[in-house]
Protein chains: 2
Amino acid sequence: MAAWRAFLSTAHLLDRRIEEQLKAAAGLTHPQFEILVRLAEAPDRQVRMTELARGVVVSKSALTYQITQLEKAGLVERATCPSDERGVFAVITEAGLRCLERVAPGHVEVVRRYLIDRLSRDELRTMTAAMRKTEEALRAPDGR
Amino acid sequence: MAAWRAFLSTAHLLDRRIEEQLKAAAGLTHPQFEILVRLAEAPDRQVRMTELARGVVVSKSALTYQITQLEKAGLVERATCPSDERGVFAVITEAGLRCLERVAPGHVEVVRRYLIDRLSRDELRTMTAAMRKTEEALRAPDGR
DNA sequence: CAGGGAAAGTTAAAATCTGAACAAACGCGA
DNA sequence: TCGCGTTTGTTCAGATTTTAACTTTCCCTG
């Protein structure tokens with residue numbers, strides 16, 4: 001359980017730092033930033049709402065809210081899905097991409113400074129593998 | 001960055017599972033549960049508000065809110081601090097302790113199932129060490 | 001091809017969190 | 001001892017998240 005405690009505290013503390021950095025650099029929240037990253041990486045720079053929600057690990061309604069916010073800020077747009085009348089694509093705009101380019105370096109810097117650069121290559125590899133295993137189990141519908 | 005992604009997703013997913021389990025088992029949120037755990041472990045089963053907030057990694061105002069909720073539920077009480085007129089102790093009640101005893105096993109079970117038991121002894125040790133280093137850095141006032 | 005259940009997004013209300021402002025109490029240096 | 005900057009916990013307003021409907025559309029089955 002000690003491991004779990006450390007994990008939990010660290011996750012919260014790191015999240016807090018990141019939030020602070022993003023807010024200062026671009027007025028973005030962490031979830032908003034995550035959304036932009038995922039969109040920027042996606043083919044055609046667009047992702048379906050539900051898939052995006054799963055990726056960012058956020059409820060569908062929270063995503064609806066955040067996309068609306070990002071839309072107001074001009075960083076994202078909604079597009080209807082041709083193949084499925086119900087579907088909605090979130091699409092990152094040019095402004096969104098520029099914003100991301102501007103903010104990403106500072107973000108990476110924080111993650112490196114507090115997490116990545118403190119770990120040896122071995123530690124990093126081990127931790128990544130461990131996280132992957134856990135994530136996989138958590139994403140499995142039955143909890144495996 | 002892949003490590004970071006895995007870490008982030010896993011933390012969110014696991015948190016979600018835990019929240020779900022606690023809600024079902026006792027109507028508690030994860031922060032509320034954390035608060036109870038820390039109080040139960042403390043000498044005299046009481047902790048000062050500010051210290052508790054630091055431990056649980058939550059803002060002071062969020063703690064005030066949660067303690068009020070827990071007080072309504074009869075799981076926690078507030079006590080004035082004799083040595084410092086400003087200070088407030090959060091104290092866990094008998095009912096709080098009983099609640100914790102009832103819920104803790106299920107909670108531990110979830111954490112083990114998804115995180116602990118998936119990792120080898122080595123992985124676990126490495127990860128704990130890594131988290132401790134990171135946590136220490138994040139808690140240092142200057143970010144070291 | 002009609003019906004019913006499942007899935008996609010949104011919405012509304014309630015709960016929770018954040019940040020800033022605040023009042024009270026502390027404590028240190030002049 | 002006085003005064004001023006800190007610390008403590010709370011409060012308030014605003015932002016965000018959650019949960020549970022709800023609408024629309026899809027798709028499988030008979």
Side-chain angles (χ1 to χ4, degrees), chain A residues 11-13 15-24 26-36 39 46-73 75-91 141, chain B residues 11-13 15-24 26-35 39 46-73 76-91 141:
Chain A
H12 282 168
L13 285 164
D15 199 57
R16 215 158 243 267
R17 275 303 158 109
I18 285 170
E19 198 86 38
E20 185 184 320
Q21 190 269 323
L22 288 174
K23 195 85 76 183
L28 289 177
T29 65
H30 194 183
Q32 287 173 344
F33 178 78
E34 280 299 310
I35 289 170
L36 293 182
L39 291 179
Q46 61 178 23
V47 180
R48 284 284 293 271
M49 293 296 275
T50 296
E51 189 188 337
L52 187 53
R54 249 197 306 275
V56 182
V57 186
V58 100
S59 71
K60 279 190 302 177
S61 50
L63 181 62
T64 293
Y65 175 78
Q66 288 298 355
I67 292 294
T68 304
Q69 296 308 109
L70 289 169
E71 220 172 8
K72 282 181 195 165
L75 305 178
V76 161
E77 282 171 358
R78 282 181 225 245
T80 61
C81 174
S83 65
D84 185 340
E85 211 46 51
R86 300 168 299 178
V88 172
F89 277 113
V91 193
Chain B
H12 282 166
L13 285 165
D15 200 58
R16 215 158 243 268
R17 276 300 161 111
I18 286 171
E19 197 87 39
E20 183 184 323
Q21 189 269 322
L22 289 173
K23 195 84 78 184
L28 289 176
T29 65
H30 194 185
Q32 288 173 344
F33 178 78
E34 280 299 310
I35 289 170
L39 292 179
Q46 61 178 24
V47 179
R48 285 283 294 271
M49 293 295 275
T50 297
E51 189 187 338
L52 187 53
R54 249 197 305 274
V56 182
V57 186
V58 101
S59 69
K60 279 189 302 177
S61 49
L63 182 62
T64 293
Y65 175 77
Q66 287 299 355
I67 292 293
T68 304
Q69 296 309 107
L70 289 169
E71 220 172 7
K72 282 180 194 163
V76 162
E77 283 172 357
R78 282 181 224 245
T80 60
C81 176
S83 66
D84 185 340
E85 215 39 58
R86 299 167 301 177
V88 172
F89 278 112
V91 194

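Values reported hereafter were calculated over all heavy atoms of this structure, with side chains retained and with hydrogens, waters and symmetry mates removed. Chain A is the first sequence line, chain B the second, and so forth, proteins listed ahead of strands; every chain is numbered from 1.
Counting to the nearest Å, the P atom of D/dA15 and the OH atom of B/Tyr65 are 18 Å from each other. Summarising the geometry, the separation between CD on B/Glu77 and P on D/dG9 is reported as 17 Å, rounded to the nearest angstrom. If you measure from atom CD of A/Glu85 to atom P of D/dC27, you get 12 Å, rounded to the nearest angstrom. When the P atom of D/dT16 is taken as reference, atom CD of A/Glu34 falls 16 Å away, rounded to whole Å. As rounded to whole Å, 14 Å separates atom P of D/dG9 from atom CD of B/Glu71. Distance B/Ile67 CD1 to D/dT8 P: 16 Å, rounded to the nearest Å.
A donor N or O paired with an acceptor N or O is found under 3.5 Å between the base of D/dT7 and the side-chain atoms of B/Arg86.
Within residues 51-60 of chain A, the residues having any heavy atom closer than 4.0 Å to DNA chain D are, in order of number, A/Ser59.
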A/Val58/A/Ile35 under side chain to side chain contact (heavy atoms under 4.5 Å, CB included): CA gap, chis, key distance, verdict: CA-CA 10 Å; A/Val58 100; A/Ile35 289 170; over 6 Å; no

Test side chain to side chain contact (heavy atoms under 4.5 Å, CB included) applied to A/Ile67 and A/Val88, step by step: CA-CA 11 Å; A/Ile67 292 294; A/Val88 172; over 6 Å; no

CA sep, side-chain torsions, deciding dist, call: A/Leu63, A/Thr50, side chain to side chain contact (heavy atoms under 4.5 Å, CB included): CA-CA 9 Å; A/Leu63 181 62; A/Thr50 296; over 6 Å; no

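With a 6.0 Å radius and a threshold of 12 heavy atoms from other residues, nucleotides or ligands, A/Gln69 has its CD atom above the threshold. By the 6.0 Å contact criterion, CD on A/Glu71 is enclosed, its count of non-hydrogen atoms from other residues, nucleotides or ligands being greater than 12.
Counting 5' to 3', DNA chain C first comes under 4.0 angstrom of a heavy atom of chain A and last does so at the ends given by C/dA7 to C/dT18.
In this structure, the side chain of A/Glu19 engages the main chain of A/His30 through a donor-acceptor pair within 3.5 Å. In this structure, the side chain of A/Gln32 engages the main chain of A/Thr29 through a donor-acceptor pair within 3.5 Å.
Residues A/Val47 and A/Leu52 approach most closely at CG1-N, 3.7 Å, considering heavy atoms. The shortest non-hydrogen separation linking A/Ala90 to A/Leu39 is O-CD2, 3.4 Å.
Where A/Phe89 and B/Gln69 meet DNA chain C, the nucleotide closest to each residue was compared, and A/Phe89 sits on the side nearer the 5' end. For the pair A/Thr64 and A/Glu19, both in contact range of DNA chain C, the more 5′-proximal nearest nucleotide belongs to A/Thr64.
Counting non-hydrogen atoms under 4.0 angstrom, A/Thr50 reaches the backbone sugars and phosphates but no base.
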